[in-house]
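Notes follow once the structure below has been shown.
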Amino acid sequence: MKNIFKTKLNTASLVLIPACIGINYLGKLFASVLKLPLWLDSIGTCIGGALGGPIIGAICGAANNLIYGFTTGDSITLVYALTSLGIGLVVGIMARLGKMEKISGALLTSLAGGLAAVLISTPLNVIFWGGTTGNVWGDAVFAATQAANLPVVLGSFLDEVVVDVPDKIITVLIVFAILKGLPKKLTALYDVNDSVESLD
């Protein structure tokens, strides 16, 4: 258990962070250009968390939002740096608990990551955008809840669930497939149980 937050800050980890941020950036751009009903902006975050642990995952997630927000002028993205940080943290913890070894564990990880995203994003949605997410599918659900006179918080929560849970399932399954395809020599560079080049 003590190794959950242990982070190996070696060359491999320092190369991993910008690589994961780049993957996130491209995923978000891809989803945005094609107007997909998903975010696809946390594939890199989940790779970072699964390989480097929760701290690396959190850094990848938050940094991606900040860079994307400042370079595209998308101020909405900046607010959700907190959500991305949470996703990286949760996926990293789940991976350290061995949940990314099998498909069943990966599905559990995706649900945990999706739940973290929903719980962090819902209050942000309510505070900054009156409960909406800016996602077509999610906001259709939100509009329906408001037409039915349901509380804004509940509408926003359901709005997030409809988008974030499927998004994280697809994201984590993509990451699971990528990790299974990586050579053992590469994944071993991030093994914190190997005492060489690690920070306690």
Side-chain angles (χ1 to χ4, degrees), residues 1-10 12-24 27-28 38-67 79-124 157 160-161 163-182 184 186-200:
M1 290 296 282
K2 67 183 178 68
N3 279 346
I4 287 180
F5 289 100
K6 193 173 178 184
T7 305
K8 205 170 188 181
L9 282 181
N10 55 9
S13 295
L14 297 177
V15 169
L16 181 67
I17 294 169
C20 289
I21 291 168
I23 293 168
N24 280 343
K28 187 171 176 66
L38 302 165
W39 306 125
L40 297 182
D41 62 349
S42 55
I43 294 172
T45 301
C46 294
I47 291 172
L51 282 177
I55 305 297
I56 300 285
I59 292 169
C60 292
N64 172 66
N65 280 62
L66 296 174
I67 292 167
V79 174
Y80 294 95
L82 280 172
T83 305
S84 296
L85 187 150
I87 295 164
L89 208 57
V90 168
V91 171
I93 290 168
M94 294 295 281
R96 285 282 167 86
L97 293 173
K99 301 298 180 193
M100 287 295 283
E101 302 296 320
K102 295 180 181 170
I103 193 84
S104 55
L107 283 169
L108 192 63
T109 301
S110 70
L111 292 175
L115 186 63
V118 169
L119 293 177
I120 299 168
S121 293
T122 299
L124 295 175
F157 177 81
E160 274 295 329
V161 168
V163 182
D164 260 318
V165 174
D167 179 64
K168 297 308 168 283
I169 290 171
I170 291 167
T171 296
V172 174
L173 290 179
I174 289 170
V175 171
F176 177 76
I178 291 170
L179 294 178
K180 286 294 168 197
L182 291 177
K184 283 274 182 266
L186 180 62
T187 55
L189 294 171
Y190 303 99
D191 187 2
V192 288
N193 295 317
D194 173 8
S195 59
V196 182
E197 286 196 287
S198 65
L199 292 180
D200 287 307

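Just the heavy atoms: all of them, side chains too, but no hydrogens, waters or symmetry mates, feed the values below.
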Checklist line | Atom CZ of Phe157 with >12 non-hydrogen neighbours under 6.0 angstrom | finding: no
Check: Just wondering, more than 12 heavy atoms not from Lys102 lying within 6.0 Å of its NZ?
Finding: no
Looking only at non-hydrogen atoms, find the nearest pair between [X] and [Y] and report the distance.
X: Val175; Y: Cys46; answer: CG2-CB, 3.7 Å
X: Gly44; Y: Ile23; answer: N-CG2, 3.7 Å
X: Ser42; Y: Lys168; answer: OG-CE, 3.7 Å
X: Thr45; Y: Asp41; answer: OG1-O, 4.3 Å
X: Ile55; Y: Phe5; answer: CG1-O, 3.7 Å
X: Ala81; Y: Leu66; answer: CB-CD2, 4.2 Å

With a 3.5 Å cut-off and sequence neighbours excluded, list the donor-acceptor pairs that the side chains of residues 108-115 form with protein atoms.
{"from": "Thr109", "atom 1": "OG1", "to": "Gly105", "atom 2": "O", "distance (Å)": "2.8"}
{"from": "Ser110", "atom 1": "OG", "to": "Leu107", "atom 2": "O", "distance (Å)": "2.6"}

Next item on the list: List for me each residue that meets side-chain contact (heavy atoms from CB on, under 4.5 Å) alongside Ile174, sequence neighbours excluded, and say none if there are none.
Entry: Ile43, Ile170, Ile178
Below 3.5 Å, can you tabulate the donor-acceptor pairs from side chains in residues 83-101 to any protein atom, sequence neighbours excluded?
{"from": "Thr83", "atom 1": "OG1", "to": "Ser121", "atom 2": "OG", "distance (Å)": "2.9"}
{"from": "Ser84", "atom 1": "OG", "to": "Asn65", "atom 2": "OD1", "distance (Å)": "2.5"}
{"from": "Arg96", "atom 1": "NH1", "to": "Asn3", "atom 2": "O", "distance (Å)": "2.8"}
{"from": "Arg96", "atom 1": "NH1", "to": "Ile4", "atom 2": "O", "distance (Å)": "2.8"}
{"from": "Arg96", "atom 1": "NH1", "to": "Lys6", "atom 2": "O", "distance (Å)": "2.7"}
{"from": "Arg96", "atom 1": "NH2", "to": "Lys6", "atom 2": "O", "distance (Å)": "3.1"}
{"from": "Arg96", "atom 1": "NH2", "to": "Gly52", "atom 2": "O", "distance (Å)": "3.1"}

Item checked: Worked check of side chain to side chain contact (heavy atoms under 4.5 Å, CB included) between Ile56 and Tyr190 -> CA-CA 11 Å; Ile56 300 285; Tyr190 303 99; over 6 Å; no
Item checked: Steps toward side chain to side chain contact (heavy atoms under 4.5 Å, CB included) verdict (Val79, Leu82) -> CA-CA 7 Å; Val79 174; Leu82 280 172; over 6 Å; no
Item checked: Backbone of Lys184 reached by a side-chain donor or acceptor of Thr187 within 3.5 Å -> yes
Check: Per the side chain to side chain contact (heavy atoms under 4.5 Å, CB included) rule, which among Thr171, Asp167, Val165 passes with Ile169?
Finding: Val165
